[in-house]
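Please read all numbers here as calculations on a predicted model, not as lab measurements. Values below: every heavy atom of this structure, side chains too, minus hydrogens, waters and symmetry copies.
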Amino acid sequence: MRWYSVAGEPTLQAGLKAAMQQVKGMGFRVGLHTAGPYPERLAEVLPLVDWVGMDLKAPFADYQHTTGVPGSGERARESARLLIESGVTHKFRTTVHPRLLDRAGIGRIRRALRAMGAHRHVLQHCLDEALCAGA
């Protein structure tokens, strides 16, 4: 049996779909944790997953400022849309770092998700002491 080691974003891995198919074929359920940077790859594996946890970094319009990646907000929005429309059980999560995201930003994320039809968004507190120390 071949094992895949996934570091970081799973939808970046070329073998993700095959690994999911193998796991499903063994009778197991499949969960996916993603930040949604590759909506086309997410669409490809959504039929294979039983649950998805998607991390949202910022309000979609502010993504580039937070991630430093042009177009990242639109890619995250498209992944969120695909996930919501798929009917797959899911939860959206946002890690709150006080220097990067304020209450108004959290409100904008939640309003955008509600407008898209999402029902579950949870906040996670920044637990990385080194990262949070600069807050």
Side-chain angles (χ1 to χ4, degrees):
M1 173 179 287
R2 186 169 186 189
W3 292 93
Y4 293 89
S5 174
V6 180
E9 175 57 42
T11 60
L12 180 61
Q13 306 298 318
L16 181 63
K17 183 177 180 180
M20 287 180 167
Q21 289 170 325
Q22 184 177 11
V23 169
K24 288 291 261 192
M26 296 166 60
F28 292 99
R29 298 181 69 181
V30 175
L32 176 68
H33 295 269
T34 183
Y38 304 103
E40 63 286 349
R41 292 183 189 152
L42 178 62
E44 193 176 286
V45 299
L46 275 172
L48 298 169
V49 300
D50 298 289
W51 178 87
V52 176
M54 184 171 167
D55 293 317
L56 297 175
K57 311 290 184 196
F60 297 120
D62 300 339
Y63 248 71
Q64 183 171 335
H65 172 74
T66 301
T67 65
V69 178
S72 56
E74 284 308 309
R75 297 181 72 69
R77 182 192 312 270
E78 177 63 8
S79 287
R81 183 191 67 75
L82 288 167
L83 180 55
I84 292 164
E85 291 178 1
S86 75
V88 171
T89 302
H90 61 274
K91 174 171 53 174
F92 290 101
R93 308 174 295 217
T94 299
T95 300
V96 179
H97 184 288
R99 220 174 49 188
L100 299 175
L101 187 63
D102 59 14
R103 286 182 186 261
I106 294 167
R108 291 198 324 269
I109 292 169
R110 289 194 161 158
R111 283 190 296 279
L113 287 173
R114 274 197 303 272
M116 295 169 78
H119 302 289
R120 185 128 194 244
H121 177 240
V122 298
L123 300 180
Q124 303 176 134
H125 296 285
C126 181
L127 298 176
D128 183 326
E129 289 184 27
L131 178 63
C132 295

### Query
Distance-only, no hydrogens or angles: does the Glu9 side chain make a donor-acceptor pair with backbone N or O of Thr11 under 3.5 Å?
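The answer is yes, because a donor-acceptor pair under 3.5 Å joins these two groups.
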
### Query
Is there a donor-acceptor pair closer than 3.5 Å between any side-chain N or O of Tyr38 and the backbone N or O of Leu12?
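Pair absent, no side-chain N/O of Tyr38 close to backbone of Leu12.
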
### Query
Between Lys24 and Asp50, is there a salt bridge with N-O shorter than 4.0 Å?
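The answer is yes: the pair qualifies as a salt bridge.
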
### Query
Are Arg41 and Glu44 close enough for a salt bridge, meaning some N to O gap below 4.0 Å?
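Salt bridge flag = no for Glu44 with Arg41.
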
### Task
Is it possible for you to say whether Val122 and Phe60 belong to one hydrophobic cluster, with membership spreading through side-chain heavy-atom contacts below 4.5 Å?
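Val122 does not cluster with Phe60.
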
To the nearest 0.5 Å, tell me how far [X] [atom1] sits from [Y] [atom2].
X      : Y      : atom1 : atom2 : answer
Thr94  : Leu100 : OG1   : CG    : 12.0 Å
Met54  : His121 : CE    : NE2   : 10.5 Å
Ser79  : Asp55  : OG    : CG    : 12.0 Å
Arg120 : Ile84  : CZ    : CD1   : 14.0 Å
His90  : Thr34  : NE2   : OG1   : 13.0 Å
Leu32  : Leu48  : CG    : CG    : 10.5 Å

### Query
Can you check whether Leu56 reaches Leu113 side chain to side chain, under 4.5 Å on heavy atoms?
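Yes, at least one pair of side-chain atoms sits under 4.5 Å.
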
### Minimum heavy-atom distance between Leu101 and Val96, given as atom pair plus value
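Minimum heavy-atom separation between Leu101 and Val96: O-CG1, 4.2 Å.
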
### Message
Quick check: closest heavy atoms across Gly71 and Gln64, and the distance to 0.1 Å?
### Response
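That would be N-OE1, 3.9 Å.
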
### Query
Going through the checks in order, is the salt bridge (Lys or Arg N to Asp or Glu O under 4.0 Å) test met by Arg75 and Glu78?
CA-CA 5 Å; Arg75 297 181 72 69; Glu78 177 63 8; over 6 Å; no

### Task
Would you tell me whether Arg93 and His33 have side-chain atoms, one donor and one acceptor, within less than 3.5 Å of each other?
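Yes - a donor-acceptor pair under 3.5 Å links their side chains.
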
